Amino acid sequence: MNKMRRWIMHVDMDAFYASVEQGDHPEYKGHPVIVGGLSARGVVATASYEARKFGVHSAMGMERARKLCPQGIYLWPRMDRYKEVSGQIHKIMEEFTDCIEPLSLDEAFLDVTGIAHKFIGPMALGRSIKERVFQETGLIISAGLAPNKFLAKIASDLDKPNGLVVVPYGKEVEFLQELPIKRLWGVGRQTEKLLLEQGYKKIKDIQNLSDERPLIAILGNQARRFWELARGIDSRPVESDRVVQSIGREETYETDLVDEGLIDREWQYFANRLAKSLRKHNVMGTTISIKVRYNDFLTLTRQKTLSIPTNREDVMLEVARLLYAKLGKNKPIRLLGLTMSHLTAPVSQDSLFEIRKDEGALALTLDQLQERFGDMAIVKGAVWERAQEGIGRNRMLWGKEGKLSSQNILLNIKPEEEKR
Ligand code: TTP
Ligand code: MG
């Protein structure tokens, strides 16, 4: 392999959660396994390839899945176990390179440029990593190797399961030409619709343009980037140092919320938990967002950016209440969420609202007590009440043994560079 050439690998585990379950329970092997929320409003997180034959897939309602595949093995997710396996896989990857950018528990980019010369070709390199992972964990990854991230990501998906696809240098344009334009990064449904209306169906329709100008009307300042992607040009590096970009919490309710008192108590609860998460990550933030989904699935988000960063529970609560009040809708609510973004290192002042000076200190003490005596040992009245009820009633998709699981804590992680 040519030493000078950049080689990027994208790996994605096949049917990750379900495969871990099959590995841990050999009796499930060869059978349709469906992992997800098993409650009435639960959603399929993933389905083994045996179950996919029945038409079951991620994000499908659990009731529908059960109808399609009544003989399936239905399981709650075991996030701790998946995290553990994910860590194991990460370690194996580190045997090859330390330039790894994890995208989720089961997906990562690897810059393998530095080790390419040790292999006969990219195919051999890919096979070697796949084999190591299989030996150690019994799990199968699909991988793509290409001159850049964009192509590697597409390649890993093309021959799933157990795929290994290499995009050789010089074949970038050919590789992309027949793919639908929605494969271009950043093309969401709306953009796809606009592009289709203008006659851009396949990536080759964009490749045929001599420059990006005809795309500007649709894509604005992103036109150049899309035009380059269509030609397989993408110079972004694999970012191994990543930082948390936002922290939030959201919940889907088994029973729609109508009572304003209960809704307010949710904001109190969210603000309390969010403040704790921010302190735990030792960050503050300036942008507070709420998300409200009504029972007709209308989903609204509103945000407010403060002039100085905060991690204060009362500030977040006030902002959440204000934003919520402004929505002015009177409809049953299916989901609520509260998120803090534009995170920064903590600053000492926080005088946006009139608050007692010692509140910051009090908050810290509460955290320390909670650490010692468990999460619910000491929390303020409404929050405590809410937490008690949450145990029975408001469990999330994933909530299991009376604990609000980490699944509803949204940690949005982005590469450092994008944050700057
Ligand atoms: P994916 O890689 O999208 O799916 P997968 O690994 O199950 O299957 P494959 O890659 O072979 O198509 O997601 C990885 C894990 O993330 C998946 O096992 C379960 C979880 N997940 C959800 O919880 N909800 C979702 O909607 C999706 C897509 C995934
Ligand atoms: Mg996967």
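This chain uses plain numbering: 1 for the first residue, then up along the sequence. Both counts, for ligands and for their atoms, begin at 1 and track the order of listing. Source: prediction; values computed, not measured.
Ligand 1 places these atoms under 4.0 Å from at least one heavy atom of Phe16: 5 (P), 6 (O), 7 (O), 18 (O).
Smallest separation of non-hydrogen atoms from Ala116 and Trp7: CB-CD1, 4.2 Å. Between Val167 and Ala155, the shortest heavy-atom contact is CG2-CB, 4.0 Å. The shortest non-hydrogen separation linking Ala15 to Ala47 is CB-O, 3.7 Å.
The heavy atom nearest to atom 26 (O) of ligand 1, out of those in Ala18, Ser58, Ser142, Pro77, is found in Ser58. Within the set Thr46, Asp157, Val35, the minimum heavy-atom distance to atom 4 (O) of ligand 1 is found for Thr46.
For Met13, the closest heavy-atom approach to ligand 1 falls below 4.0 Å. Within the structure, the closest approach of Tyr49 to ligand 1 falls below 4.0 Å when heavy atoms are considered. At least one heavy atom of Arg52 lies less than 4.0 angstrom from ligand 1. Note on ligand 1: Ala15 sits in its first shell, one or more heavy atoms being nearer than 4.0 Å.
Electrostatic pairing of Arg127 and Glu131 does not count as a salt bridge here, judged by no charged N lying under 4.0 Å from a carboxylate O.
Under a cutoff of 6.0 Å and an axis angle of 45°, Arg334 and Tyr294 do not form a cation-pi pair. Arg302 forms no cation-pi arrangement with Tyr324, by the criterion of a distance under 6.0 Å to the ring centre and an angle within 45° of the ring axis.
Between Tyr82 and Tyr17, the angle of the ring planes stays under 30°, which puts this pair in the parallel group of the 30/60° scheme.
Aromatic pair Tyr28/His25: ring centres closer than 6.0 Å.
Of the possible polar contacts, none joining the Thr97 side chain to the Met93 backbone as a donor-acceptor pair under 3.5 Å is found.
Any protein N/O/S atom under 2.8 Å from the Mg ion (ligand 2) was counted, giving 3 altogether.
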